[in-house]
Amino acid sequence: MEMNFQISSNHLDIESCNEWLRSASDGGVVLFVGNVRSANRGKEVSHLEFEAYEEMVVKELEKWGRYIQERFGVHKVLLHHRIEKVEIGETAVIAGIAAPHRKEAFEACSFLLEKLKTEIPIWKKEVYNDGHHWISATP
Amino acid sequence: MEMNFQISSNHLDIESCNEWLRSASDGGVVLFVGNVRSANRGKEVSHLEFEAYEEMVVKELEKWGRYIQERFGVHKVLLHHRIEKVEIGETAVIAGIAAPHRKEAFEACSFLLEKLKTEIPIWKKEVYNDGHHWISATP
Amino acid sequence: MIITIKSFGIAAEICGSRTLKMEVPNDCSVEHLKELLANRYPALSELLSYRIAVNHVYELDAFLLKELDEVAIIPPASGG
Amino acid sequence: MIITIKSFGIAAEICGSRTLKMEVPNDCSVEHLKELLANRYPALSELLSYRIAVNHVYELDAFLLKELDEVAIIPPASGG
(Lines give C-alpha, C1' and ligand atoms only; values in the text may rest on other atoms or scores of the structure.)
Protein backbone atom coordinates (compact mmCIF):
# COMPACT_ATOMS: atom_id res chain seq x y z
CA MET A 1 0.00 0.00 0.00
CA GLU A 2 1.70 3.10 -1.26
CA MET A 3 0.51 6.66 -1.65
CA ASN A 4 2.16 9.62 -3.35
CA PHE A 5 0.56 13.05 -2.94
CA GLN A 6 2.03 16.39 -3.96
CA ILE A 7 0.58 19.88 -3.88
CA SER A 8 2.96 22.40 -5.36
CA SER A 9 3.40 25.22 -7.85
CA ASN A 10 5.94 23.19 -9.86
CA HIS A 11 5.23 21.81 -13.31
CA LEU A 12 3.80 18.30 -13.21
CA ASP A 13 5.77 15.46 -14.75
CA ILE A 14 3.89 12.55 -16.30
CA GLU A 15 7.09 10.53 -16.68
CA SER A 16 7.96 10.50 -12.99
CA CYS A 17 4.33 9.81 -12.01
CA ASN A 18 4.23 6.85 -14.38
CA GLU A 19 7.62 5.63 -13.16
CA TRP A 20 6.41 5.68 -9.54
CA LEU A 21 3.30 3.69 -10.50
CA ARG A 22 5.06 1.14 -12.72
CA SER A 23 5.95 -2.24 -11.24
CA ALA A 24 6.32 -5.87 -12.16
CA SER A 25 3.46 -6.86 -9.85
CA ASP A 26 0.76 -4.48 -11.11
CA GLY A 27 -0.33 -5.05 -14.66
CA GLY A 28 -2.47 -1.96 -14.97
CA VAL A 29 -1.76 1.71 -14.45
CA VAL A 30 -4.46 4.28 -15.14
CA LEU A 31 -3.53 7.95 -15.25
CA PHE A 32 -5.77 10.98 -15.48
CA VAL A 33 -4.17 14.18 -16.75
CA GLY A 34 -6.19 17.39 -16.36
CA ASN A 35 -5.13 20.23 -18.63
CA VAL A 36 -6.29 23.83 -18.54
CA ARG A 37 -8.85 24.60 -21.23
CA SER A 38 -8.77 27.86 -23.13
CA ALA A 39 -12.53 28.29 -22.82
CA ASN A 40 -15.12 27.26 -20.24
CA ARG A 41 -18.75 28.17 -19.61
CA GLY A 42 -18.69 30.00 -22.94
CA LYS A 43 -15.94 32.40 -21.88
CA GLU A 44 -12.33 32.71 -22.96
CA VAL A 45 -10.07 31.87 -20.02
CA SER A 46 -6.85 33.83 -19.45
CA HIS A 47 -5.39 31.43 -16.87
CA LEU A 48 -6.29 29.54 -13.67
CA GLU A 49 -5.29 30.08 -10.09
CA PHE A 50 -5.53 27.25 -7.59
CA GLU A 51 -5.60 27.57 -3.85
CA ALA A 52 -5.37 24.69 -1.38
CA TYR A 53 -5.78 24.13 2.33
CA GLU A 54 -2.64 22.06 2.24
CA GLU A 55 -2.62 20.37 5.66
CA MET A 56 -6.23 19.31 5.17
CA VAL A 57 -5.67 18.24 1.56
CA VAL A 58 -3.03 15.81 2.74
CA LYS A 59 -5.27 14.37 5.48
CA GLU A 60 -8.24 14.04 3.11
CA LEU A 61 -6.09 12.40 0.44
CA GLU A 62 -4.66 9.92 2.93
CA LYS A 63 -8.18 9.06 4.11
CA TRP A 64 -9.55 8.63 0.59
CA GLY A 65 -6.37 6.85 -0.50
CA ARG A 66 -6.85 4.21 2.18
CA TYR A 67 -10.53 3.91 1.29
CA ILE A 68 -9.75 3.48 -2.42
CA GLN A 69 -7.08 0.88 -1.77
CA GLU A 70 -9.48 -1.12 0.37
CA ARG A 71 -12.61 -0.74 -1.77
CA PHE A 72 -11.01 -1.35 -5.16
CA GLY A 73 -8.08 -3.56 -4.12
CA VAL A 74 -5.52 -1.33 -5.80
CA HIS A 75 -1.88 -1.02 -4.70
CA LYS A 76 -0.80 2.54 -5.44
CA VAL A 77 -2.59 5.87 -5.38
CA LEU A 78 -1.01 9.06 -6.70
CA LEU A 79 -2.22 12.64 -6.90
CA HIS A 80 -0.09 15.59 -7.96
CA HIS A 81 -1.89 18.93 -8.06
CA ARG A 82 -0.66 22.38 -9.02
CA ILE A 83 -1.45 25.45 -6.94
CA GLU A 84 -1.13 29.15 -7.78
CA LYS A 85 -1.11 30.28 -11.41
CA VAL A 86 -1.51 27.65 -14.14
CA GLU A 87 -1.50 28.72 -17.81
CA ILE A 88 -3.78 27.55 -20.62
CA GLY A 89 -2.79 24.13 -21.95
CA GLU A 90 -0.68 23.32 -18.89
CA THR A 91 -1.39 20.33 -16.68
CA ALA A 92 -3.15 21.16 -13.42
CA VAL A 93 -3.49 17.64 -12.04
CA ILE A 94 -2.19 14.13 -12.53
CA ALA A 95 -4.01 11.29 -10.77
CA GLY A 96 -2.79 7.71 -10.99
CA ILE A 97 -3.66 4.22 -9.82
CA ALA A 98 -1.70 0.98 -10.08
CA ALA A 99 -3.58 -2.29 -9.70
CA PRO A 100 -3.23 -5.94 -10.61
CA HIS A 101 -6.21 -5.63 -12.98
CA ARG A 102 -7.34 -2.84 -15.27
CA LYS A 103 -11.04 -2.71 -14.34
CA GLU A 104 -10.27 -1.78 -10.74
CA ALA A 105 -7.63 0.70 -11.87
CA PHE A 106 -10.14 2.55 -14.08
CA GLU A 107 -12.83 2.56 -11.39
CA ALA A 108 -10.46 3.69 -8.65
CA CYS A 109 -8.97 6.50 -10.76
CA SER A 110 -12.42 7.76 -11.73
CA PHE A 111 -13.50 7.64 -8.07
CA LEU A 112 -10.39 9.56 -6.99
CA LEU A 113 -11.22 12.32 -9.49
CA GLU A 114 -14.78 12.41 -8.18
CA LYS A 115 -13.50 12.97 -4.65
CA LEU A 116 -10.98 15.55 -5.85
CA LYS A 117 -13.83 17.57 -7.31
CA THR A 118 -16.11 17.35 -4.27
CA GLU A 119 -14.15 16.60 -1.07
CA ILE A 120 -10.55 17.71 -1.33
CA PRO A 121 -10.15 21.36 -0.25
CA ILE A 122 -8.63 22.77 -3.44
CA TRP A 123 -10.23 25.70 -5.25
CA LYS A 124 -10.01 26.76 -8.85
CA LYS A 125 -10.34 30.38 -9.92
CA GLU A 126 -10.87 31.00 -13.62
CA VAL A 127 -9.43 34.36 -14.59
CA TYR A 128 -10.82 36.21 -17.61
CA ASN A 129 -9.77 39.50 -19.16
CA ASP A 130 -12.68 41.17 -17.40
CA GLY A 131 -12.89 39.38 -14.06
CA HIS A 132 -12.78 35.96 -12.46
CA HIS A 133 -14.98 33.13 -11.24
CA TRP A 134 -14.49 30.60 -8.45
CA ILE A 135 -15.59 27.29 -10.00
CA SER A 136 -18.49 25.51 -8.24
CA ALA A 137 -18.78 28.25 -5.62
CA THR A 138 -21.76 30.16 -7.00
CA PRO A 139 -24.44 29.36 -9.61
CA MET B 1 -10.94 13.75 -34.80
CA GLU B 2 -7.41 12.49 -34.45
CA MET B 3 -6.03 8.99 -34.09
CA ASN B 4 -2.52 7.84 -33.30
CA PHE B 5 -1.74 4.12 -33.56
CA GLN B 6 1.68 2.49 -33.40
CA ILE B 7 2.68 -1.15 -33.42
CA SER B 8 6.42 -1.54 -33.01
CA SER B 9 9.19 -3.23 -31.10
CA ASN B 10 10.48 0.10 -29.76
CA HIS B 11 10.15 1.14 -26.13
CA LEU B 12 6.95 3.03 -25.41
CA ASP B 13 7.17 6.62 -24.25
CA ILE B 14 4.50 7.98 -21.89
CA GLU B 15 5.75 11.53 -22.30
CA SER B 16 5.22 11.69 -26.07
CA CYS B 17 1.85 9.94 -25.80
CA ASN B 18 0.72 12.47 -23.20
CA GLU B 19 2.09 15.36 -25.28
CA TRP B 20 0.13 14.18 -28.33
CA LEU B 21 -3.06 13.98 -26.25
CA ARG B 22 -2.65 17.30 -24.45
CA SER B 23 -4.49 20.34 -25.75
CA ALA B 24 -6.14 23.55 -24.61
CA SER B 25 -9.54 22.36 -25.81
CA ASP B 26 -9.69 18.98 -24.05
CA GLY B 27 -9.76 19.15 -20.30
CA GLY B 28 -9.34 15.45 -19.66
CA VAL B 29 -6.77 12.90 -20.75
CA VAL B 30 -6.99 9.31 -19.54
CA LEU B 31 -4.06 6.99 -20.11
CA PHE B 32 -3.81 3.27 -19.54
CA VAL B 33 -0.31 1.84 -19.17
CA GLY B 34 0.02 -1.94 -19.27
CA ASN B 35 3.20 -3.31 -17.73
CA VAL B 36 4.51 -6.86 -17.86
CA ARG B 37 3.90 -8.72 -14.62
CA SER B 38 6.49 -11.06 -13.19
CA ALA B 39 3.90 -13.70 -12.39
CA ASN B 40 0.60 -14.71 -13.92
CA ARG B 41 -1.72 -17.69 -13.51
CA GLY B 42 0.43 -18.76 -10.59
CA LYS B 43 3.59 -19.10 -12.68
CA GLU B 44 6.75 -17.05 -12.78
CA VAL B 45 7.02 -15.35 -16.15
CA SER B 46 10.40 -15.00 -17.88
CA HIS B 47 9.25 -12.49 -20.52
CA LEU B 48 6.46 -11.90 -23.05
CA GLU B 49 6.43 -12.10 -26.82
CA PHE B 50 3.76 -10.27 -28.80
CA GLU B 51 2.77 -10.96 -32.34
CA ALA B 52 0.44 -8.81 -34.46
CA TYR B 53 -1.33 -9.05 -37.80
CA GLU B 54 -0.24 -5.50 -38.44
CA GLU B 55 -2.29 -4.51 -41.51
CA MET B 56 -5.43 -5.80 -39.84
CA VAL B 57 -4.58 -4.24 -36.48
CA VAL B 58 -4.45 -0.83 -38.13
CA LYS B 59 -7.80 -1.34 -39.88
CA GLU B 60 -9.47 -2.61 -36.70
CA LEU B 61 -8.06 0.26 -34.65
CA GLU B 62 -9.28 2.82 -37.18
CA LYS B 63 -12.73 1.24 -37.14
CA TRP B 64 -12.93 1.14 -33.34
CA GLY B 65 -11.32 4.58 -33.10
CA ARG B 66 -14.10 6.09 -35.21
CA TYR B 67 -16.72 4.18 -33.21
CA ILE B 68 -15.28 5.40 -29.90
CA GLN B 69 -15.07 9.01 -31.04
CA GLU B 70 -18.71 8.92 -32.12
CA ARG B 71 -20.12 6.96 -29.19
CA PHE B 72 -18.28 8.77 -26.41
CA GLY B 73 -17.77 12.15 -28.06
CA VAL B 74 -14.02 12.12 -27.47
CA HIS B 75 -11.50 13.95 -29.66
CA LYS B 76 -8.33 11.88 -29.68
CA VAL B 77 -7.65 8.15 -29.53
CA LEU B 78 -4.16 6.73 -29.10
CA LEU B 79 -2.82 3.19 -28.92
CA HIS B 80 0.85 2.26 -28.88
CA HIS B 81 1.58 -1.46 -28.59
CA ARG B 82 4.86 -3.32 -28.44
CA ILE B 83 5.49 -6.45 -30.47
CA GLU B 84 8.21 -9.09 -30.19
CA LYS B 85 10.02 -9.57 -26.89
CA VAL B 86 8.98 -7.46 -23.89
CA GLU B 87 10.75 -7.89 -20.55
CA ILE B 88 9.23 -8.06 -17.06
CA GLY B 89 8.30 -4.60 -15.74
CA GLU B 90 8.43 -3.03 -19.20
CA THR B 91 5.42 -1.33 -20.74
CA ALA B 92 3.63 -3.39 -23.39
CA VAL B 93 0.83 -0.98 -24.20
CA ILE B 94 -0.19 2.65 -23.75
CA ALA B 95 -3.77 3.59 -24.57
CA GLY B 96 -4.97 7.18 -24.34
CA ILE B 97 -8.08 9.28 -24.82
CA ALA B 98 -8.51 13.07 -24.83
CA ALA B 99 -11.98 14.46 -24.27
CA PRO B 100 -13.66 17.65 -23.12
CA HIS B 101 -14.93 15.87 -20.00
CA ARG B 102 -13.39 13.23 -17.80
CA LYS B 103 -16.31 10.80 -17.56
CA GLU B 104 -16.28 10.14 -21.30
CA ALA B 105 -12.50 9.90 -21.30
CA PHE B 106 -12.56 7.15 -18.64
CA GLU B 107 -15.34 5.23 -20.36
CA ALA B 108 -13.76 5.48 -23.79
CA CYS B 109 -10.33 4.38 -22.56
CA SER B 110 -11.81 1.41 -20.71
CA PHE B 111 -13.80 0.47 -23.84
CA LEU B 112 -10.68 0.71 -26.01
CA LEU B 113 -8.86 -1.71 -23.68
CA GLU B 114 -11.83 -4.07 -23.83
CA LYS B 115 -11.61 -4.11 -27.64
CA LEU B 116 -7.85 -4.51 -27.54
CA LYS B 117 -8.28 -7.68 -25.49
CA THR B 118 -11.00 -9.21 -27.66
CA GLU B 119 -11.00 -7.77 -31.19
CA ILE B 120 -7.59 -6.44 -32.17
CA PRO B 121 -5.42 -9.21 -33.70
CA ILE B 122 -2.49 -9.06 -31.32
CA TRP B 123 -1.34 -12.14 -29.42
CA LYS B 124 0.55 -12.45 -26.18
CA LYS B 125 2.83 -15.41 -25.47
CA GLU B 126 3.95 -15.82 -21.88
CA VAL B 127 7.33 -17.48 -21.75
CA TYR B 128 8.36 -19.48 -18.67
CA ASN B 129 11.61 -21.27 -17.86
CA ASP B 130 9.93 -24.53 -18.83
CA GLY B 131 7.68 -23.60 -21.73
CA HIS B 132 5.21 -21.03 -22.90
CA HIS B 133 1.49 -20.25 -23.07
CA TRP B 134 -0.52 -18.23 -25.60
CA ILE B 135 -2.86 -16.13 -23.44
CA SER B 136 -6.61 -16.66 -24.02
CA ALA B 137 -5.97 -19.29 -26.71
CA THR B 138 -6.58 -22.44 -24.68
CA PRO B 139 -8.20 -23.15 -21.29
CA MET C 1 -14.05 32.54 23.74
CA ILE C 2 -12.22 33.87 20.71
CA ILE C 3 -11.57 31.44 17.87
CA THR C 4 -9.40 31.81 14.82
CA ILE C 5 -11.02 30.94 11.52
CA LYS C 6 -9.17 30.29 8.27
CA SER C 7 -10.93 31.02 5.03
CA PHE C 8 -10.10 30.11 1.46
CA GLY C 9 -11.02 30.82 -2.13
CA ILE C 10 -14.19 32.79 -2.56
CA ALA C 11 -14.77 32.71 1.20
CA ALA C 12 -11.52 34.61 1.77
CA GLU C 13 -12.70 37.19 -0.77
CA ILE C 14 -16.05 37.55 0.99
CA CYS C 15 -14.50 37.83 4.44
CA GLY C 16 -11.78 40.13 3.18
CA SER C 17 -9.08 38.08 4.92
CA ARG C 18 -7.60 34.60 5.09
CA THR C 19 -7.66 34.59 8.90
CA LEU C 20 -10.48 35.91 11.05
CA LYS C 21 -10.82 36.27 14.81
CA MET C 22 -14.33 35.82 16.10
CA GLU C 23 -15.92 36.00 19.54
CA VAL C 24 -18.20 33.00 20.03
CA PRO C 25 -19.88 31.44 23.11
CA ASN C 26 -18.02 28.63 24.88
CA ASP C 27 -18.96 25.26 23.36
CA CYS C 28 -20.28 27.04 20.30
CA SER C 29 -21.70 24.54 17.82
CA VAL C 30 -20.76 24.52 14.13
CA GLU C 31 -24.39 25.42 13.38
CA HIS C 32 -24.23 28.47 15.65
CA LEU C 33 -20.91 29.52 14.15
CA LYS C 34 -22.53 29.45 10.70
CA GLU C 35 -25.29 31.75 11.96
CA LEU C 36 -22.73 34.18 13.39
CA LEU C 37 -20.78 34.08 10.10
CA ALA C 38 -23.98 34.69 8.09
CA ASN C 39 -24.70 37.79 10.16
CA ARG C 40 -21.23 39.20 9.72
CA TYR C 41 -20.74 38.11 6.06
CA PRO C 42 -24.17 37.89 4.38
CA ALA C 43 -22.54 37.08 1.02
CA LEU C 44 -21.51 33.67 2.40
CA SER C 45 -25.14 32.54 1.98
CA GLU C 46 -24.86 33.16 -1.76
CA LEU C 47 -22.42 30.25 -2.02
CA LEU C 48 -23.87 27.00 -3.35
CA SER C 49 -22.72 25.48 -0.07
CA TYR C 50 -19.86 25.64 2.38
CA ARG C 51 -18.64 23.41 5.14
CA ILE C 52 -16.78 23.96 8.37
CA ALA C 53 -13.64 21.95 8.99
CA VAL C 54 -12.26 21.60 12.50
CA ASN C 55 -8.68 20.43 12.85
CA HIS C 56 -8.67 19.40 9.17
CA VAL C 57 -11.84 17.31 9.36
CA TYR C 58 -15.29 18.26 8.06
CA GLU C 59 -17.61 18.55 11.04
CA LEU C 60 -21.42 18.46 11.22
CA ASP C 61 -23.69 21.15 12.70
CA ALA C 62 -23.82 19.55 16.16
CA PHE C 63 -20.04 19.56 16.66
CA LEU C 64 -18.92 21.78 19.54
CA LEU C 65 -15.90 24.01 19.09
CA LYS C 66 -13.04 24.45 21.57
CA GLU C 67 -10.90 27.54 21.87
CA LEU C 68 -7.74 26.17 20.30
CA ASP C 69 -9.41 24.31 17.43
CA GLU C 70 -8.24 25.10 13.92
CA VAL C 71 -11.51 26.18 12.35
CA ALA C 72 -11.86 26.74 8.60
CA ILE C 73 -14.55 27.87 6.16
CA ILE C 74 -14.47 25.45 3.19
CA PRO C 75 -16.33 26.63 0.08
CA PRO C 76 -17.25 23.99 -2.55
CA ALA C 77 -14.16 22.09 -3.70
CA SER C 78 -13.17 22.54 -7.33
CA GLY C 79 -9.81 20.89 -7.82
CA GLY C 80 -8.72 19.18 -11.00
CA MET D 1 -8.89 -22.97 -56.40
CA ILE D 2 -5.82 -22.59 -54.24
CA ILE D 3 -5.93 -19.99 -51.51
CA THR D 4 -3.17 -18.62 -49.30
CA ILE D 5 -3.88 -18.57 -45.60
CA LYS D 6 -1.92 -16.58 -43.03
CA SER D 7 -1.79 -17.88 -39.50
CA PHE D 8 -0.65 -16.25 -36.28
CA GLY D 9 0.20 -16.99 -32.68
CA ILE D 10 -0.80 -20.43 -31.49
CA ALA D 11 -2.42 -21.13 -34.89
CA ALA D 12 0.95 -20.72 -36.62
CA GLU D 13 2.41 -23.18 -34.13
CA ILE D 14 -0.36 -25.69 -34.80
CA CYS D 15 -0.12 -25.32 -38.57
CA GLY D 16 3.68 -25.37 -38.46
CA SER D 17 3.88 -22.31 -40.69
CA ARG D 18 2.80 -18.69 -40.96
CA THR D 19 1.59 -19.13 -44.54
CA LEU D 20 -0.35 -22.12 -45.87
CA LYS D 21 -1.53 -22.99 -49.35
CA MET D 22 -4.80 -24.90 -49.44
CA GLU D 23 -6.89 -26.39 -52.22
CA VAL D 24 -10.55 -25.47 -51.68
CA PRO D 25 -13.65 -25.56 -53.92
CA ASN D 26 -14.53 -22.41 -55.86
CA ASP D 27 -16.79 -20.14 -53.80
CA CYS D 28 -15.75 -22.02 -50.66
CA SER D 29 -17.55 -20.63 -47.60
CA VAL D 30 -15.74 -19.65 -44.41
CA GLU D 31 -17.65 -22.46 -42.70
CA HIS D 32 -16.38 -25.03 -45.18
CA LEU D 33 -12.84 -23.68 -44.90
CA LYS D 34 -13.03 -24.23 -41.15
CA GLU D 35 -14.05 -27.86 -41.72
CA LEU D 36 -11.13 -28.38 -44.11
CA LEU D 37 -8.76 -26.78 -41.61
CA ALA D 38 -10.13 -28.97 -38.79
CA ASN D 39 -9.41 -32.09 -40.85
CA ARG D 40 -5.87 -31.04 -41.64
CA TYR D 41 -5.04 -29.52 -38.22
CA PRO D 42 -7.18 -31.24 -35.55
CA ALA D 43 -5.45 -29.24 -32.78
CA LEU D 44 -7.17 -26.08 -34.04
CA SER D 45 -10.37 -27.32 -32.42
CA GLU D 46 -8.63 -27.25 -29.03
CA LEU D 47 -8.54 -23.45 -29.21
CA LEU D 48 -11.18 -21.62 -27.16
CA SER D 49 -12.24 -20.07 -30.46
CA TYR D 50 -10.81 -18.74 -33.67
CA ARG D 51 -12.09 -16.53 -36.44
CA ILE D 52 -11.37 -16.20 -40.12
CA ALA D 53 -10.46 -12.76 -41.44
CA VAL D 54 -10.74 -12.04 -45.16
CA ASN D 55 -8.92 -8.99 -46.46
CA HIS D 56 -8.40 -7.79 -42.86
CA VAL D 57 -12.06 -8.06 -41.86
CA TYR D 58 -13.64 -10.75 -39.65
CA GLU D 59 -16.08 -12.72 -41.81
CA LEU D 60 -18.99 -14.94 -40.83
CA ASP D 61 -19.50 -18.59 -41.82
CA ALA D 62 -21.62 -17.77 -44.88
CA PHE D 63 -18.98 -15.57 -46.51
CA LEU D 64 -17.70 -16.96 -49.82
CA LEU D 65 -13.98 -16.86 -50.54
CA LYS D 66 -12.36 -15.73 -53.81
CA GLU D 67 -9.01 -16.94 -55.08
CA LEU D 68 -7.01 -13.76 -54.40
CA ASP D 69 -8.51 -13.00 -50.99
CA GLU D 70 -6.10 -12.54 -48.11
CA VAL D 71 -7.39 -15.19 -45.72
CA ALA D 72 -6.16 -15.43 -42.12
CA ILE D 73 -6.70 -17.67 -39.11
CA ILE D 74 -7.20 -15.41 -36.08
CA PRO D 75 -6.90 -17.13 -32.69
CA PRO D 76 -8.36 -15.32 -29.65
CA ALA D 77 -6.89 -11.83 -29.29
CA SER D 78 -4.76 -11.20 -26.21
CA GLY D 79 -3.16 -7.79 -26.58
CA GLY D 80 -2.41 -5.44 -23.72
Side-chain angles (χ1 to χ4, degrees), chain A residues 12-40 44-48 75-76 86-114 116-117 124 126 135, chain B residues 12-40 44-48 75-76 86-114 116-117 124 126 135:
Chain A
L12 301 183
D13 180 27
I14 186 79
E15 181 107 41
S16 63
C17 291
N18 184 53
E19 231 11 73
W20 185 82
L21 290 159
R22 194 163 65 90
S23 80
S25 54
D26 290 316
V29 168
V30 171
L31 288 153
F32 175 85
V33 182
N35 302 311
V36 178
R37 294 164 70 188
S38 54
N40 193 21
E44 199 182 320
V45 177
S46 154
H47 62 271
L48 299 188
H75 290 157
K76 295 183 184 177
V86 185
E87 303 287 353
I88 303 300
E90 286 189 342
T91 297
V93 61
I94 298 178
I97 298 284
H101 300 289
R102 76 177 186 288
K103 184 167 171 288
E104 289 73 18
F106 276 111
E107 286 175 355
C109 194
S110 180
F111 184 90
L112 175 58
L113 261 290
E114 204 52 46
L116 172 64
K117 303 215 167 233
K124 182 196 300 192
E126 270 184 5
I135 300 298
Chain B
L12 302 183
D13 179 26
I14 187 79
E15 181 107 40
S16 62
C17 291
N18 183 52
E19 230 15 70
W20 185 83
L21 290 159
R22 192 162 66 92
S23 80
S25 54
D26 290 314
V29 167
V30 171
L31 288 153
F32 175 86
V33 182
N35 302 310
V36 178
R37 295 163 69 186
S38 54
N40 193 21
E44 200 182 320
V45 177
S46 155
H47 62 271
L48 298 188
H75 290 156
K76 295 183 183 176
V86 186
E87 304 286 353
I88 301 301
E90 286 188 341
T91 297
V93 61
I94 298 179
I97 298 284
H101 300 289
R102 75 178 188 287
K103 185 167 170 288
E104 290 72 20
F106 276 112
E107 286 174 357
C109 194
S110 181
F111 184 90
L112 175 59
L113 261 291
E114 204 52 47
L116 172 65
K117 304 217 167 230
K124 182 195 300 192
E126 271 184 5
I135 299 298

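In what follows, chains carry the letters A, B, and so on, assigned in the order in which the sequence lines appear, proteins first and then strands, with residues in each chain numbered from 1.
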- Message: Need one label for A/Cys109: side chain, backbone, both or neither, based on atoms under 4.5 Å from any heavy atom in chain B.
- Response: both
- Query: Is there side-chain contact between B/Leu31 and A/Ile14, with at least one heavy-atom pair below 4.5 Å?
  - Reply: yes
- Message: Please find the pair of heavy atoms, one from A/Glu114 and one from B/Arg102, that lie closest to each other, and give the distance.
- Response: OE1-NH2, 2.7 Å
- Item | Nearest-0.5 Å distance, OG of residue A/Ser23 to CD1 of residue B/Ile88 | 11.0 Å
- Donor-acceptor contact below 3.5 Å, side chain B/Ser38 vs main chain A/Ser25: no
- Query: What option among A/Val45, A/Asp26, A/Thr91, A/Ile94 has the most heavy-atom pairs under 4.5 Å with chain B?
  - Reply: A/Asp26
- Message: Could you check whether any side-chain N or O of A/Arg22 sits under 3.5 Å from a backbone N or O of B/Asn35, counting only pairs where one atom can act as donor and the other as acceptor?
- Response: no
- With under 30° as parallel and over 60° as perpendicular, where do the rings of B/Phe106 and A/Phe32 fit, or are they tilted in between? parallel
- Item | Largest heavy-atom contact set with chain A, pairs under 4.5 Å, which of B/Ala98, B/Gly96, B/Ala24, B/Gly34 | B/Ala24
- Message: Using a 4.5 angstrom heavy-atom cutoff, name the option from A/Ala105, A/Ala95, A/Gly89 with the most pairs to chain B.
- Response: A/Gly89
- Query: Which bit of A/Asp13 comes within less than 4.5 Å of chain B, counting heavy atoms only: side chain, backbone, both or neither?
  - Reply: side chain
- Could you look at B/Ser110 and say if it's the side chain, the backbone, both or neither that has a heavy atom under 4.5 Å from chain A? both
- Task: Would you mind checking which part of A/Val30 comes under 4.5 Å of any heavy atom in chain B, side chain (CB onward), backbone (N, CA, C, O), both or neither?
- Result: both
